[in-house]
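To start, the structure itself, in structure tokens.
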Amino acid sequence: MDREKFLAEREWVRSELATVVDFWLKHGMDPVYGGVYTCLDRTGKVYSTDKSVWMQGRCGWMFAHMCHVYGVKQEWLDASKSCLDFMEAHCINRDAGNRMYFTVTEDGKPLRQRRYFFSEAFYASANAEYYGVTGDKECLERARRAYNLYWDLSHGGKDPVGMGPKTIPETRSGRSFGQPMIILNVISILLRVDPEHKAEYEDRAQQCVDEIFKYFVKPDLKCLLENVAPDGTARLNYTEGRTVNPGHDIEGVWFILEHARRTGDTSLIPKAAQIFDWAIDLGWDKEYGGLLYFVDCLGLPPEAYEHDMKLWWPHNEILIASMMLYRDTKDEKYLDWFYKTLDYCKEHFSDPEYGEWYGYLRRDGKPTMPSTKGSTFKGPFHLPRCLIQVDQMMGEILEQA
């Protein structure tokens, strides 16, 4: 390891984190109705006042996590609580078993409900993290209710919203990688802040890891599939069954590595490294650089029209996972992937003039026009989480060197 280079890159990461946090505090927080706006243009101007419920939870988590890692600052804690309060007042469908909406108006009127339960996952994460910082027991109770609702719905429970699956179940049903992966991350937060229920959390976390390797990891195809049959069989005769989301796989890698470190199960480290290697090999664009959004595991045409775009968050996941793999394996190739990805991000995603990162690039690395810093799906989450994680790991590695 070139210590001087490593130190310089860490300083860039820390400076970028400060810029990103300031961008959202200045432009995103709603002082009137509460919560956060995430549809921001390049300069930070709001271009849509509708609010993403995912992002209320993710933003609430992020600012509380900043307090956990770097010490409590009142503006961070206030921003987190604003999102929590907005969700509590406006984002829960009380008439449908406390399922949560997907989008609401700026003043909290419901707009859209989705069959997925990721709103609940991010609400649980935010409340758990806020509890960990403040000791507010009500937030822990909220987090556990939402986490248990997610768990029940993802294990065959009846959805009180009454929305059916995307496909006619008598014709086709299946499993989605996102379900065990996301709740694994939620559980990691609950394990840290709520030791009273440690045995329950550890049991469920292990179930998630076991499901991922049993159903989704396909050594014969050298990939992790997004969607499989209920028994894990790969369905290669249609596009959805062949879909690989390399960034999603790599995000799952570091969730697994966190589980491995916490439990001491070192056998998971080479398995996670293999998933990373497959995803990078399949997804890295050898002509233009950067990670493709979707690829077909057999090299056939992907169905998603955005398949060859470069999105910010998969690159955030590479930065976290590559640094974590370097920390856990000491293999320099993962540090090389970190530097290679960071160089791409500096050149194409980062915006020194206005702050934050562009969310969406064309395949050639140019921002889509007009460029955006936020959307219904992009807010103060993946990027600051990445920069926080990388900063912490780099500090740990420097102490050990």
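Because the structure is a prediction, the values reported are computed rather than measured.
Counting heavy atoms from C-beta on, the side chains of Thr376 and Met55 never come closer than 4.5 Å.
Glu251 and Trp313 form no side-chain donor-acceptor contact under 3.5 Å, judged by distance and modelled atom types alone. For the residue pair Tyr101 and Arg114, no side-chain donor N or O sits within less than 3.5 Å of a side-chain acceptor on the partner.
Counting non-hydrogen atoms of other residues, nucleotides and ligands closer than 6.0 Å to CD of Glu306 gives a total above 12. When the shell of 6.0 Å around NZ of Lys218 is examined, it contains more than 12 heavy atoms from other residues, nucleotides or ligands.
Residue pairs meeting the ring pair (Phe, Tyr, Trp, His ring centres under 6.0 Å) criterion with at least one partner in residues 3-22, sequence neighbours excluded, are absent. Sorted by first and then second residue, the side chain to side chain donor-acceptor pair (under 3.5 Å) pairs with a member in residues 315-324 read Trp254-Glu317, Glu317-Arg385; sequence neighbours excluded. Residue pairs meeting the ring pair (Phe, Tyr, Trp, His ring centres under 6.0 Å) criterion with at least one member in residues 138-184, sequence neighbours excluded: Phe117-Tyr150, Tyr147-Tyr201, Trp151-His155, Phe177-Phe216, Phe177-His248.
Residues meeting the side-chain hydrogen bond (donor to acceptor under 3.5 Å, both in side chains) test with Gln400, sequence neighbours left out: none. For Asp285, the side-chain hydrogen bond (donor to acceptor under 3.5 Å, both in side chains) test picks out Lys310, Arg363, with sequence neighbours left out. Contacts of Trp61 classified as ring pair (Phe, Tyr, Trp, His ring centres under 6.0 Å), with partners at least two apart in sequence or in another chain: His65, Phe381. Every side-chain contact (heavy atoms from CB on, under 4.5 Å) that Ser48 has, sequence neighbours left out, goes to Cys39, Asp50. In terms of the ring pair (Phe, Tyr, Trp, His ring centres under 6.0 Å) criterion, His259 has no residue partners (sequence neighbours excluded). For Asn227, there are no side-chain hydrogen bond (donor to acceptor under 3.5 Å, both in side chains) partners two or more places apart in sequence or in a different chain. With sequence neighbours left out, the ring pair (Phe, Tyr, Trp, His ring centres under 6.0 Å) criterion links Tyr360 to Trp312. Under the salt bridge (charged side-chain N to carboxylate O under 4.0 Å, His left out) criterion, Lys109 pairs with Asp107, sequence neighbours left out. Residues meeting the ring pair (Phe, Tyr, Trp, His ring centres under 6.0 Å) test with Phe377, sequence neighbours left out: Trp54, Phe102.
Taking a cutoff of 4.0 Å between a charged side-chain nitrogen and a carboxylate oxygen, Asp364 and Arg362 qualify as a salt bridge.
Between the Ser371 side chain and the Pro367 main chain, no donor and acceptor come within less than 3.5 Å of each other.
For Tyr334 and Phe276, the ring centers are positioned less than 6.0 Å apart.
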